[in-house]
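For the numbers below, each heavy atom of this structure counts, side chains included, while hydrogens, waters and symmetry mates do not.
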Amino acid sequence: MQFNDVVVTVLATVLTAVISYCGSVLVKNNRALTVVRALEPLAKDAVIAAQKLGVTQYLSGAMKKNHAVQAVAQALLNAGFDVKDEQIIVNAVEKAYAEQKKLLDQYPQKTKEG
């Protein structure tokens with residue numbers, strides 16, 4: 001084998017490894033971007049659903065928040081995404097609640113007394 005053949009073989013091997021690595025990084029980033037894009041609408045829907053649930057049965061604010069967080073986590077899991085840091089979901093739910101406060105006020109909540 002000539003020196004040029006060795007150089008070409010080494011470069012081809014290195015290039016293949018770099019392309020493979022870059023591809024795996026892009027796939028991971030694409031999955032993360034997909035989760036981020038899906039989080040906002042899922043959180044909004046989960047907050048509304050939790051608020052509507054409070055119309056027929058008493059739920060404290062913490063219970064509604066927990067319900068919404070669990071609904072978003074389950075929806076992401078069902079779509080094939082496992083979010084290990086639950087704080088990301090909690091933040092999305094809190095943001096959705098803050099942005100929809102006026103909309104949520106239209107659902108009268110059942111009180112503890114009845």
Side-chain angles (χ1 to χ4, degrees):
M1 202 187 259
Q2 291 188 346
F3 179 72
N4 288 344
D5 293 338
V6 171
V7 170
V8 168
T9 302
V10 169
L11 286 176
T13 304
V14 169
L15 187 58
T16 302
V18 168
I19 290 172
S20 178
Y21 172 76
C22 289
S24 69
V25 168
L26 287 174
V27 166
K28 286 179 185 175
N29 286 341
N30 192 29
R31 287 183 62 81
L33 183 59
T34 302
V35 169
V36 169
R37 286 183 179 158
L39 223 91
E40 187 175 339
L42 286 174
K44 284 183 178 183
D45 290 346
V47 165
I48 291 171
Q51 189 75 4
K52 286 182 177 180
L53 193 59
V55 172
T56 58
Q57 60 185 349
Y58 171 74
L59 293 174
S60 68
M63 292 167 68
K64 286 187 264 189
K65 177 180 169 183
N66 187 48
H67 184 275
V69 168
Q70 294 305 317
V72 171
Q74 188 61 51
L76 288 171
L77 196 58
N78 291 347
F81 298 104
D82 185 20
V83 177
K84 304 229 185 302
D85 186 3
E86 191 175 277
Q87 188 61 43
I88 294 169
I89 297 172
V90 170
N91 292 345
V93 166
E94 288 174 353
K95 180 182 178 211
Y97 177 80
E99 289 176 348
Q100 300 181 103
K101 183 75 173 103
K102 287 187 179 185
L103 172 71
L104 297 175
D105 287 343
Q106 74 182 355
Y107 301 107
Q109 298 295 290
K110 188 165 179 99
T111 60
K112 230 179 190 180
E113 295 81 37

S.K.: Same cluster for Val93 and Leu103 if Ile/Leu/Val/Met/Phe/Trp/Tyr side chains link at under 4.5 Å?
M.R.: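 Looking at the clustering, Leu103 is in the same group as Val93.
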S.K.: Are Val36 and Ile88 close enough that some pair of their side-chain heavy atoms sits under 4.5 Å apart?
M.R.: no
S.K.: Please name all residues satisfying side chain to side chain donor-acceptor pair (under 3.5 Å) with Glu99, sequence neighbours left out, ordered by chain then number.
M.R.: none
S.K.: Is there a side-chain contact between Val72 and Val83, using heavy atoms and a 4.5 Å cut-off?
M.R.: no
S.K.: Who pairs with Lys101 by side chain to side chain donor-acceptor pair (under 3.5 Å), at least two apart in sequence or on another chain?
M.R.: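 Side chain to side chain donor-acceptor pair (under 3.5 Å) check on Lys101 returns Tyr97, Asp105.
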S.K.: For residues 41-57, dump all side-chain donor-acceptor pairs below 3.5 Å to protein atoms at least two apart in sequence or in another chain.
M.R.:
from: Gln51; atom 1: OE1; to: Lys64; atom 2: NZ; distance (Å): 3.4
from: Gln51; atom 1: NE2; to: Leu104; atom 2: O; distance (Å): 3.3
from: Thr56; atom 1: OG1; to: Leu53; atom 2: O; distance (Å): 3.3

S.K.: Would you indicate whether the side-chain heavy atoms of Gln109 and Leu59 approach each other to under 4.5 Å?
M.R.: no
